[in-house]
Amino acid sequence: MAGEAEVVLAAPRKPYSPDAPGALDIGLGGADAVAAAYHAYAPRLLRLCVRLLGSVEDAEDVLHDVFLGLPELLDRYEERGNFEAWLRAVTVRIAQGRLRTSRRRKVVVKHEHNVEEVAGPARSPWDAMDLATAIDAMPDALRSVFVLKQLEGYSHEEIATLLGISPGASRVRLLRGLVHLRQRLECPS
Amino acid sequence: MIFQRSMHANLETIASFVSSELPESERSQVAAHIRECTECQDALRFIHRLDAESVLLPNPVLRADHLKGIIAARARGESADIAPALKTSGRHSWRTLAAAAAVLVVISFASYLRRPGELLADPSRSTMELTPAKPMMGESVHVRYQPAIGLFDGADSLILRAVLRKPRYPMYIGARQVAPVAVLRRAGDGRFGGDFVLPDSTVYAMLAVESADAQRVDDNEGRLWELLTYEGARPSYDAVRQRVHAMMGRNWEAAAASARQLGDLYPDRVEPWALREFFDRALLGSSAADARARVYAQRRDSLIRSAKSSPRLSYEDAGTIFFSAWMRARDTTATAADSAELVYWWTRLLREYPKHDQVAQRLALELGRMKDSPRVVLDSVDRLYRGLAPIHGPGRNLFQVPLEAASKVRNDSLQRVWTERSLAESPDSARRVAEFLAMRPRFRHEGISRLGELADADARALGLERGISQNRSEFALTVDDVRRRVKVAMGRALIADGEVAAGITALRAGSADGWDPRLFRDVAAAYVSAGDSAAASRTGALIVVDPRTTKATADSISRDGRRRLGDRRWADAVASARVAMTRRVLAQSMPRPLRGEARVTDAAGVMRTVKSLAGRRPAVIIFWSRFCGFALDAVPEINDVAKRLSQAGTPVILVVDEPRSAALDLVVTERGLNVPVHYDVDGSFRREFSAFGTPAYYVLDSNGRLRFRYVDEVAELLVQVTALRGE
C-alpha cells in the first residue's frame, strides 16, 4: 500500500486554475496559447459556423482565419465582458462576411439518419436530421437570424448589432424563417 | 403589433411566448388564446418540437490537422485580415431607438388591456383529475389525464405508476413501493383515462404517468400527483401522516405543512404537536422555535394528562408520549416526578404495544451502555430480537449493539448472523451480505461465489427497482453502477485470496465505466496489493484529474506516478484520464431540452431568463431555501464550489422561491451565502426544472440543455462542469 501511504487527505484545497485560457494567456503565449484557445473554443465555434454557413469546409476556413488572427485581434479586446462571448461575436461577423463573398463553397452538409436512432416503432414525423437538412436549405438571410436567435439564444437587439440590421428586421426574418421551416418539415409535399 | 386575444399568434410570437420574451400582459393574452385555439396549439407544438430537436442537431467534428494548419500558417508569417469584424454597425441606430419606443408603447398599451386576475393558461403543463377526489380505502378511482402538449404525442395508451403507502410505512420514499396500477387509454377528446382500485391497506398514493416503453415519465414536474384517503369529509389521520413521511427528504416545507394540517384536523392527537415542534426546530432554528414550542408543549401536556385516563392509546400516540417522557427524564433538569412519569409510560407502552419501535430503541440504548460486557450483551440482545422481530423504524438501532459487540469479541460468525438479520428486510440485502462475507477470510469463498452470481444479475436480484420519476435509461445507469461495485468488491476479494489475475480482470471490468474517485482509490489499492504498480498509477491518474481531488493528494499521486511510469508516460496517463473523465461523466448525463419559459428576478429587480443568465456556457442552477435545514447546512460548500466555478467563467444561478425581503437578506447575510440570489416569485424556475426540494442542483450545457439533475453532492458540480467544458 505504498502508493496510498503518501496521500495526504486533509490538505488545503487546490486553487482553481481554469482550463480554458483567457485573453491574457493568448496574448502572452504564442503558439501554445493559441492551441489551448483552439482546444477550448473551436469545437463550439465550429458548430456555430456550420449552422450559419451550411458547410463544414467554409466553417473551417472561418475558424482558420479567426485563430490565425487571434493574437493580433486581442489588441482590440478591452476585457470588459466574457471572452468567449466576444470571440463568438467576432466569429459571427467573419462568417457573415464570408456569406457575402463569392469565396463560399456552398457544399451543403449531408445529414444521414443514424440507423440505431430511428429504429423502432416510435419514429417521429420529423427529427433533428430532417431539421438539419431544412436549416441548410434556408435562404442565407433567414438562416442567420434563425440560427442566432433560436439555436444560439441571441436577442434581436444583439442580432441587429451583429448583422447590421434593425431589431424589427430581425423579428421579421425570424418569422419568415420559422414559416419556411414549418412548411418544409410539416408539409414537405 | 399588439396581440389581441381574438387573433391567431404568429410563429415568431409563439416562439417569444415559449422563450418568455413577451411582456407579461401580452403573454397572458397569447396564453389565453392558445388555450382555446387548436391552430395555435399546433403552432406551439411545432415550436416545442423545434426546440427539442434543435438540441439534438448533429455536432460537426474538426478535421484532425486543422489546428496544425493554423500553427504552420502563423509560423510562415501569414495573417488574416479580420479586424473589420470588430466594427459594430451604427447604421440603424435611429431604427433601434424607434423600435425601443415602439416596444414601450406596446408594453404600456398591453398593460392597459390586461384583465385583472386573468389566469395564465399553460398548455405546456399536464393535468390529472381523480374521481372521487376524496376516496375511501379500497375504493375504485377513475383517472383523467391530459398530458402537456407534445409530451406523449402519438401514444394510444400510457402507464400509471404509484407509490402506495400503508399506515405504518416509515419516513422517506422507497422505490420498492412503486407499482404500475393502471393503463390509461386515449379517449376521443384526446385525454387519457383509466381506473384502479386502491388496495385496502393503502392510505396515501403518489402517482406518475409514463410511456409504454418507460422512456418518458411525467411526474408533475417533480411533485407527483397525490391521493389521500378520506374518512368522511376529512383526510384520514394515517393518510396525512403518510404524506408527512413521504415528503421527508423531498420537500421539508411540504412535510411541515402536512404536519400542521395533521394538528388542525386532529387536534386531540398527541403526535401532531410533537411533529410541529420537530419541524419548527428544523426549519426555523431552535431560538425561533422556542416561543412556539412553549405553546405546543402546553397543548401536548394537556393531551398527555387526558391520555392517562384513556384505557388504550393509539400506536403513534403511545410512542410519542413515551418518547417525550424519556427525553424529559434524560434532561439535566429532570426531577423525581419526571422519572416517575417515564416509569408510568414505559409500563403502559410495554403492556399495550410490547413490540413497539420505541421498545426496541430504548432497550438497544440501554444495552449499548454495557460496553464492557459484550458477551452478556450478545446473549441479551439475541433474546430481545427473537421477541421483537421484525423490527422497523427507530427500533433498528438495536442492530448496532450486537454488531459492535461481536466485532469487539472478534466473532465472525456472530457478526455474520447479525449482519444478515439487520439486512433481512433491505431490498439489496443479497449484495450487501455478499460484500460483507467477501471481506472476511473465513467466509471469503462464499462471498466471492455470491458476488459472482450478482455481477451480471438483473436489477431485481440486485435489490433495485425503478423509482417513480426515473425513466428506463436513467434506471439502467443505476443498475450498471451497482454491477460495477459488485465487480470491484469481487476483484478485491479475489486478490486478497491470492487469485491475482482473476481479481484484476474483475477490477478492470468494475472500473471500466462510470466516474467515482472513491472506487478508483479502491481499485488502485488493489492493483498495488497485486503488485501491478503501472496499473495502479494509471488508475491514480483518474483520481488526479478529478477537480475534487485536493492539490496535496494530486501532487502525491503524481510524484508516485512519475516515479513508476516516467515523466512522459505519466503525462500520457493524465491526458488519457482527462479524456476518460469527459467521456464517462457525460455518459451519465441525460440531455433534456428546457421549455425556456422560466424567469427569475435578480437583485436589481430585472427579470431574467435561463438563457440570459447562462449565456452559451455550461451553467449551474442551485435551488436553495432559508427554511430548509439541509440547504442552510450546505452554504459553506455551495460558497466554495460556486467560487471555483465562477472563477472559471461558469455562471452559478442560485434561486429561492420567494421575493426579496429584509428577512431573507438577513438569513443570507447571517449564513454568509456569497452567491447572488435570484427570486423565483412565480415558480416558473421550479416548474422548468421540476425542483421540489432544496438544496437541489442542476447543470446545463452550452446549448442550454439540462444535462445533470439531482446532483448528490455539491462538489460533483465541479466534475460535471469540467466534463461539459471539455465536450
Side-chain angles (χ1 to χ4, degrees), chain A residues 1-4 6-9 11-14 16 18-20 31 34-35 38 42-44 46-47 50 56 59-60 64-69 72-73 76 82 84-85 88 90 93-94 97 111 127-128 131-132 150-153 160-161 164-168 171 174-175 178-179 181-182 186, chain B residues 10-12 15 46 50 53-54 56-60 62-63 66-67 69-71 73-74 78-86 88-89 91-92 95-96 99 154 213 524-525 528-529 533 536 540 550-554 556-557 559-560 611 615-617 640 644 647-649 702 704 722 725 727:
Chain A
M1 297 286 188
E4 275 201 333
E6 290 181 32
V7 170
V8 181
L9 292 173
R13 284 182 184 276
K14 179 182 172 184
Y16 193 83
D19 48 6
V34 171
Y38 181 91
R44 287 196 286 274
L46 178 75
R47 193 167 58 205
V50 169
V56 175
E60 285 182 338
H64 182 278
D65 288 353
V66 168
F67 285 96
L68 187 60
E72 288 73 30
L73 257 186
R76 315 281 288 272
N82 176 288
E84 187 178 358
R88 293 175 73 83
V90 169
R93 291 204 186 100
I94 295 174
H111 303 289
D127 60 18
L131 176 61
Q150 290 300 111
L151 306 187
E152 300 294 328
T161 307
I165 59 175
S166 69
R171 284 195 175 82
L174 178 63
L175 172 59
L178 290 169
V179 170
L181 277 179
R182 192 179 184 196
E186 297 198 335
Chain B
N10 69 38
L11 280 175
E12 197 270 328
F46 170 73
L50 193 63
E53 297 296 341
S54 292
L56 300 172
L57 284 169
N59 283 330
L62 281 157
R63 218 174 51 233
H66 187 246
L67 175 61
I70 296 170
I71 303 290
R74 278 196 68 79
E78 288 179 21
S79 63
D81 181 21
I82 54 176
L86 290 175
T88 55
S89 169
R91 185 177 141 203
H92 294 294
R95 289 190 186 177
T96 309
D213 63 1
V528 169
S529 64
S533 59
T550 63
K551 183 176 188 310
T553 302
S556 170
I557 296 172
R559 272 196 306 278
D560 191 60
K611 270 185 189 169
R616 287 164 286 275
R617 296 164 284 176
D640 183 44
R644 294 175 66 182
Q647 283 172 345
S702 55
T722 304
R725 288 167 66 87
E727 191 174 25

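A, B, ... follow the sequence lines: proteins, then strands. Residue 1 opens every chain. Given the structure is predicted, the values throughout are model-derived calculations rather than measurements.
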Evaluate the criterion side-chain hydrogen bond (donor to acceptor under 3.5 Å, both in side chains) for residue pair B/Thr553 and B/Ser556; output intermediate values, then yes/no. CA-CA 5 Å; B/Thr553 302; B/Ser556 170; over 6 Å; no
Within a strict 4.5 Å, meaning less than it, do heavy atoms of the B/Arg616 and B/Lys611 side chains meet? no
Side chains of A/Phe67 and B/Arg74 in contact at under 4.5 Å (non-hydrogen atoms):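 Heavy-atom side-chain distance check fails, nothing below 4.5 Å.
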Side chain, backbone, both or neither: which part of B/Ala536 has an atom under 4.5 Å from a heavy atom of chain A? neither
Report the distance from atom CZ of B/Arg617 to atom OG of B/Ser702, rounding to the nearest 0.5 Å.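 OG of B/Ser702 is found 11.0 Å from CZ of B/Arg617.
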If you count heavy-atom pairs within less than 4.5 Å of chain B, which of A/Leu174, A/Leu178, A/Leu181, A/Val179 leads? A/Leu178
Less than 4.5 Å to any heavy atom of chain B: does that hold for the side chain of A/Arg182, its backbone, both, or neither?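 It is both, since atoms from each part get that close.
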